[in-house]
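Before I ask anything, let me first share the structure, which is written out below as structure tokens.
Side chains included, hydrogens not; waters and symmetry mates left out as well; all remaining heavy atoms used. Read the numbers this way: they start at 1 and go in the same order the structure lists the ligands and their atoms. These numbers were taken from a predicted model, which means no experiment stands behind them.
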Amino acid sequence: MDIPNELPIIYTTKVLIPGYILKIRLQVANYSNLLNYLQTNCDSKSIHIGIIPESDSDKAVNIIGTVGQVLSIIRVDSVPEDFVLVTEGICRFKLDETISEKPLQINKIITIENFKNLQGNEKTIHELHAEFSKVVNDFLTYSEPSVFARDTLKILFNKTPLYQTVDFLLKTFIRLTPADAYEILRATSLNHLVRFVINWLKRETINEHKCSKSEKTGLVPVPSTLLNSIGANRSIFLKKPISQELNQIQLAIKDSGMPTSIHKMIMKEFKRLCEMNTSNPDYSVSINYISYVANLPWNKRTNETLDLEKAKNVLKSNHYGMEKVKNRILQFIAVKILNPDRRGPILCFIGPPGVGKTSIAKAIATSLNRTFKRISLGGINSYSDIKGHRRTYVGAMPGCIIQAVHQAKTNNPIILLDEIDKMYKGSSGDPAAALLEVLDPEQNNSFVDSYINLPFDVSQVMFISTANSAANIPQTLRDRMEIIYLEGYTQEEKMQIAEIYLIPKILKDHNMNELQIFICKNTIKDIIQKYTKESGVRELQRKLEVICHYIAVDIVENGDKIIKNYVITPELLLNILDSELYNVKNALVEESCNRIGVAIGMAWSPVGGKVQIIEATKLYSSKEKNRLVLTGLAGQTLKESVLIAQHWIQSFVKKNEVNIDNFCVHVHLPTGGIPKDGPSAGITIVCALISLFWKIPLRPMIAMTGEISLNGYVLPVGGVKEKILAAYNSNIRTVIIPDHNMKDLKTIPNNIREDLNIIPVKHLEEVLDIVIPGGLAILKNPSVTTMEICKL
Ligand SMILES: Nc1ncnc2c1ncn2[C@@H]1O[C@H](COP(=O)(O)OP(=O)(O)OP(=O)(O)O)[C@@H](O)[C@H]1O
């Protein structure tokens with residue numbers, strides 16, 4: 001390369017040495033002349049400048065610098081304006097006489113031998129070579145290079161001049177500080193250079209520096225032609241040996257069966273990991289990530305059993321009733337047999353607690369021979385709980401979907417999204433929005449969890465969700481699922497479940513048998529009626545377990561002496577469970593009978609049906625005309641129902657001339673500690689208010705439910721089965737329901753239906769005709785006195 005013997009000179013804090021690249025940042029204002037020079041010469045093949053360490057600027061003689069070839073000039077958009085010179089060190093020079101000081105310092109230079117040509121005393125070089133090999137060996141042992149790197153170094157030692165080995169080590173391993181770079185620049189013999197490298201290696205073997213070369217000196221080695229000439233890749237020399245841990249991960253990646261495109265990305269990450277220092281904080285993040293991804297079941301699946309008979313038996317042996325769910329699963333299996341590629345439905349079981357939503361999902365997994373994982377969504381309030389956190393966050397984790405698949409170890413498990421109605425939107429995103437992506441059959445074959453950050457196919461997973469109430473599931477999510485409602489059980493059904501399923505299961509769990517303990521039918525009936533108040537059977541199961549715990553103590557204490565047969569009678573039950581919790585007769589219902597302003601309603605809540613009394617009183621007040629007070633933790637819809645009832649009565653009154661003005665009306669819903677809402681109390685509120693204003697107690701023991709319109713029409717309501725069962729269990733035998741709800745009676749067992757007088761109604765006047773003694777005619781004829789009415 002032709003190097004001019006006159007060069008513009010600059011002084012820099014960083015030291016450039018031949019074979020390295022250095023970026024020098026300069027201010028346009030101070031170096032405008034240099035910039036002009038570079039711009040005017042930019043057409044020439046190569047531009048050279050002399051770069052001298054700033055510490056030498058005061059020196060008069062023996063100033064050594066480096067000829068830098070300008071590779072590029074970059075303008076930096078900053079204030080004050082800067083530019084960056086990217087220069088490559090070509091050779092060293094000695095500064096000679098000054099040609100000009102201004103506008104730009106130009107000096108004559110004398111190039112001096114390159115390091116390659118440095119000579120040294122033969123004898124000393126020989127000794128140094130021996131020492132050098134030893135120190136290099138120590139250093140390599142310490143930094144544990146790969147076998148390949150060690151072998152290549154051996155070749156270098158044997159076949160190349162000492163300078164090239166030194167050069168290679170300098171550029172590959174040695175992290176130069178500015179002082180080191182200055183020392184190398186001024187090296188006058190090969191001995192000097194080798195001595196420097198030996199000292200550095202000794203120092204490094206004891207104490208490894210943490211900072212990188214470029215951070216300390218700004219120097220980046222120029223890719224070595226030496227290495228290219230022997231066809232080796234320099235990065236190989238930086239490789240650490242693969243530890244056992246990394247080896248295992250590599251094997252896991254190989255065995256994971258991940259798609260080729262993903263395999264490529266993970267291998268890239270793995271290579272980066274292999275080159276990382278174990279003390280680097282990113283090391284553990286990266287190792288966790290790669291092993292997590294490698295252990296995902298990319299192509300591991302269980303062989304699904306599509307056998308209708310087996311499925312029927314499994315479902316029957318685990319659960320009583322639940323015909324809707326069982327039939328749906330059998331249909332699913334039949335369709336799969338005909339077309340194995342068809343995607344299955346996303347089922348959503350909605351019903352009160354303890355009716356078997358979770359356990360039937362488990363039984364479905366057994367019948368299909370799929371693994372089962374349950375995700376509890378109750379309380380989840382952020383997007384990242386479902387979709388994971390980005391790996392850049394401290395403590396980042398995958399979302400619950402990928403975690404469940406990871407734990408299932410198969411890519412076709414049944415994942416139960418339990419309590420999907422209990423998620424809520426928090427400040428960090430809406431989890432329902434994330435679930436949409438998971439449940440969308442169009443998207444879920446490439447579901448991207450933020451932590452994994454790779455597409456994973458969850459389309460083979462069968463998702464089943466459960467909820468207590470459909471109202472709390474976002475509409476968009478509801479659209480993606482096939483909803484199956486599970487109703488509460490009647491007393492007879494609970495008896496069957498207890499005898500056939502719960503008791504054998506509990507006895508087995510306690511290592512007891514049916515010969516040891518016999519629980520009488522009446523005892524089970526008493527538990528259901530007097531110790532539990534639920535739509536499902538969870539509490540019943542718990543009470544049966546308490547019986548086993550009680551007997552267990554006796555067996556352990558006396559088992560060796562006598563073998564007893566325990567018969568659990570209702571009397572013994574009193575000893576075991578203490579006094580009854582609930583009265584079979586609902587006292588509140590009985591007390592409400594024959595009272596003015598009181599009506600019996602039927603309510604539904606996510607935990608089942610119940611009888612809801614509604615009370616109304618009025619206070620004369622000339623000031624507070626038509627004021628309405630509502631208590632009992634009523635929700636907005638219930639408040640509106642009361643207003644509708646009041647206004648309908650006002651229009652009804654106009655026709656029937658009863659004074660309802662000048663009163664403050666107070667409507668109360670007892671058990672005031674429990675929040676209540678919904679429109680279905682409409683007809684009950686009207687009946688209570690009519691009873692109040694006409695001063696007529698309603699016919700006793702009639703429960704009712706139905707929404708009302710402003711014109712007095714009775715509209716359909718939900719949860720009819722639960723409501724009717726609750727009324728039945730409170731000894732009520734006459735119930736009024738909207739005519740539109742008659743279709744819902746199919747689900748009520750025949751024996752209960754036959755025992756009940758279920759009256760369908762279309763209009764409020766029909767309701768009043770039933771509940772008012774004497775019928776609607778009495779209301780329309782105010783001349784009949786209350787006393788007379790009560791006699792009717
Ligand atoms: N029809 C049934 N036949 C047999 N056992 C039943 C039936 N229904 C419920 N069970 C039993 O009742 C217990 C509670 O059921 P499970 O936990 O599945 O209720 P759940 O509907 O999921 O309740 P939650 O809404 O509180 O999660 C289980 O032990 C289950 O086996």
Inset, instruction - Examine ligand 1 and decide if any of its atoms is less than 4.0 Å from a heavy atom belonging to Val355. - result: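 Right, Val355 reaches ligand 1.
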Legend entry - Identity and separation of the nearest protein heavy atom to atom 11 (C) of ligand 1: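 Ranking protein heavy atoms by distance from atom 11 (C) of ligand 1, first comes Val537 CG2, 3.8 Å.
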Inset, instruction - Please write down residue, atom name and distance for the protein heavy atom closest to atom 28 (C) of ligand 1. - result: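 Answer, as residue, atom name and distance: Gln541 OE1, 3.5 Å.
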Legend entry - Top protein contact for atom 17 (O) of ligand 1, by heavy-atom distance: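 Here the closest protein heavy atom is Arg538 NH2, 2.8 Å.
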Legend entry - Within-cut-off N or O pair, Lys505 and ligand 1, under 3.5 Å: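 Yes, since at least one N or O of Lys505 sits under 3.5 Å from an N or O of ligand 1.
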Inset, instruction - Using distance alone, with no hydrogens and no angle criterion, decide if Ser367 and Lys312 have a side-chain donor and acceptor under 3.5 Å apart. - result: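 Result is no, nothing qualifies.
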Legend entry - Lys525 side chain to Met495 backbone, donor-acceptor under 3.5 Å: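 Absent.
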Inset, instruction - Examine His319 against ligand 1 and note whether any of their N/O atoms are separated by less than 3.5 Å. - result: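 Checking ligand 1 against His319, no N or O pair falls under 3.5 Å apart.
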Inset, instruction - Heavy-atom distances under 4.0 Å are what count here, so tell me which part of Lys357 touches ligand 1: side chain, backbone, both or neither. - result: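 Both backbone and side chain of Lys357 come within 4.0 Å of ligand 1.
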Pair up each side-chain donor or acceptor in residues 433-444 with any protein partner under 3.5 Å, not counting sequence neighbours, and list the distances.
unit_1 : atom_1 : unit_2 : atom_2 : d
Glu437 : OE1    : Lys387 : NZ     : 3.0
Glu437 : OE2    : Lys387 : NZ     : 3.4
Asp440 : OD1    : Glu442 : N      : 3.0
Asp440 : OD2    : Gln443 : NE2    : 3.1
Asn444 : ND2    : Val438 : O      : 2.9

Legend entry - Which of the ligand 1 atoms, numbered from 1, are nearer than 4.0 Å to a heavy atom of Gly356: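 In order of numbering, the contacting atoms are 8 (N), 9 (C), 15 (O), 16 (P), 18 (O), 19 (O), 20 (P), 21 (O).
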Legend entry - Exceeds 12 heavy-atom contacts within 6.0 angstrom, atom CG of Asn511: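 Incorrect, the count does not exceed 12.
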Inset, instruction - Give a yes or no on whether the backbone of Ala471 and the side-chain of Ser469 come within a donor-acceptor separation of less than 3.5 Å. - result: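 Looks like yes, one N/O pair under 3.5 Å.
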Legend entry - Nearest-contact summary for atom 22 (O) of ligand 1 - protein heavy atom, Å: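 Of every protein heavy atom, Thr358 OG1, 2.5 Å lies nearest to atom 22 (O) of ligand 1.
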Legend entry - ligand 1 contact on Ile360 by region, counting heavy-atom pairs under 4.0 Å: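 No part of Ile360 is near ligand 1 at this cut-off.
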Legend entry - Taking atom 3 (N) of ligand 1 as the reference point, the nearest protein heavy atom with its distance: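 Nearest neighbour among protein heavy atoms for atom 3 (N) of ligand 1, to 0.1 Å: Tyr320 N, 2.9 Å.
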Legend entry - Partners passing salt bridge (Lys or Arg N to Asp or Glu O under 4.0 Å) against Arg343 (at least two apart in sequence or in another chain):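 Residues passing salt bridge (Lys or Arg N to Asp or Glu O under 4.0 Å) with Arg343: none at all.
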Inset, instruction - Measure from the side-chain N and O atoms of Tyr489 to the backbone N and O of Val355, and report whether any donor-acceptor pair falls under 3.5 Å. - result: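 Here the side-chain-to-backbone pair exists.
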Inset, instruction - Heavy-atom distances under 4.0 Å are what count here, so tell me which part of Glu419 touches ligand 1: side chain, backbone, both or neither. - result: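 Neither part.
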Inset, instruction - Using distance alone, decide if ligand 1 has a nitrogen or oxygen within less than 3.5 Å of any nitrogen or oxygen in Ile497. - result: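 Min N/O separation from ligand 1 is not below 3.5 Å for Ile497.
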Inset, instruction - Flag Asp418 as yes when one of its N or O atoms lies below 3.5 Å from any N or O atom of ligand 1, and as no otherwise. - result: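 For ligand 1, there is no N or O atom that lies under 3.5 Å from one belonging to Asp418.
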Inset, instruction - Could you pull out the closest heavy-atom pair between Ile503 and Ile524, with the gap in Å? - result: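 Scanning both residues completely, I find the closest heavy atoms to be CD1-CD1, 3.7 Å.
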Legend entry - Heavy-atom donor-acceptor pair, Lys326 side chain to His319 backbone, under 3.5 Å: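 It does hold such a pair.
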Inset, instruction - Return yes when atom NZ of Lys425 has more than 12 non-hydrogen atoms of other residues, nucleotides or ligands closer than 6.0 Å, and no otherwise. - result: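 No, not enclosed.
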Inset, instruction - Would you mind telling me if ligand 1 is within reach of the side chain of Tyr501, the backbone, both or neither, using heavy atoms under 4.0 Å? - result: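 Looking at Tyr501 and ligand 1, just side chain atoms fall under 4.0 Å.
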Inset, instruction - Anything under 30° is parallel, anything over 60° is perpendicular, the rest tilted; go ahead and classify His406 against Tyr292. - result: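 Parallel.
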Inset, instruction - Assess whether atom NZ of Lys310 is packed by more than 12 heavy atoms of other residues, nucleotides or ligands within 6.0 Å. - result: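 Buried by this count: over 12 neighbours within 6.0 Å.
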Legend entry - Sub-4.0 Å atoms of ligand 1 with respect to non-hydrogen atoms of Tyr489: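 Heavy-atom distances to Tyr489 below 4.0 Å select 1 (N), 2 (C), 7 (C), 8 (N).
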Legend entry - Atoms of ligand 1 close to Asn318 [distance to a heavy atom under 4.0 angstrom, numbered from 1]: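 Counting atoms of ligand 1 from 1, those under 4.0 Å from Asn318 are 4 (C).
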Inset, instruction - Start with the C-alpha gap between Arg542 and Glu545, add the side-chain angles, then the distance that decides, and say whether salt bridge (charged side-chain N to carboxylate O under 4.0 Å, His left out) holds. - result: CA-CA 5 Å; Arg542 219 169 283 140; Glu545 280 169 352; 5.8 Å; no
Inset, instruction - Within a distance under 4.0 Å of any heavy atom of Met322, pick out the atoms of ligand 1 and give their elements. - result: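 Near Met322, the atoms of ligand 1 are 1 (N).
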Inset, instruction - Between Ala363, Pro353, Ser359, Gly536, flag the one that comes closest to atom 30 (C) of ligand 1 by a heavy atom. - result: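 That would be Ser359.
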Inset, instruction - Run the numbers for me: atoms of ligand 1, each under 4.0 Å from some heavy atom of Asn468, listed by number. - result: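 Checking each atom against Asn468, I get 25 (O).
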Legend entry - Per-residue contact class, Phe349 against ligand 1 - non-hydrogen pairs under 4.0 Å: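 Under 4.0 Å from ligand 1, Phe349 contributes no heavy atoms.
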Inset, instruction - Indicate yes or no: does an N/O atom of Gly354 lie under 3.5 Å from an N/O atom of ligand 1? - result: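 By distance alone, the answer is yes.
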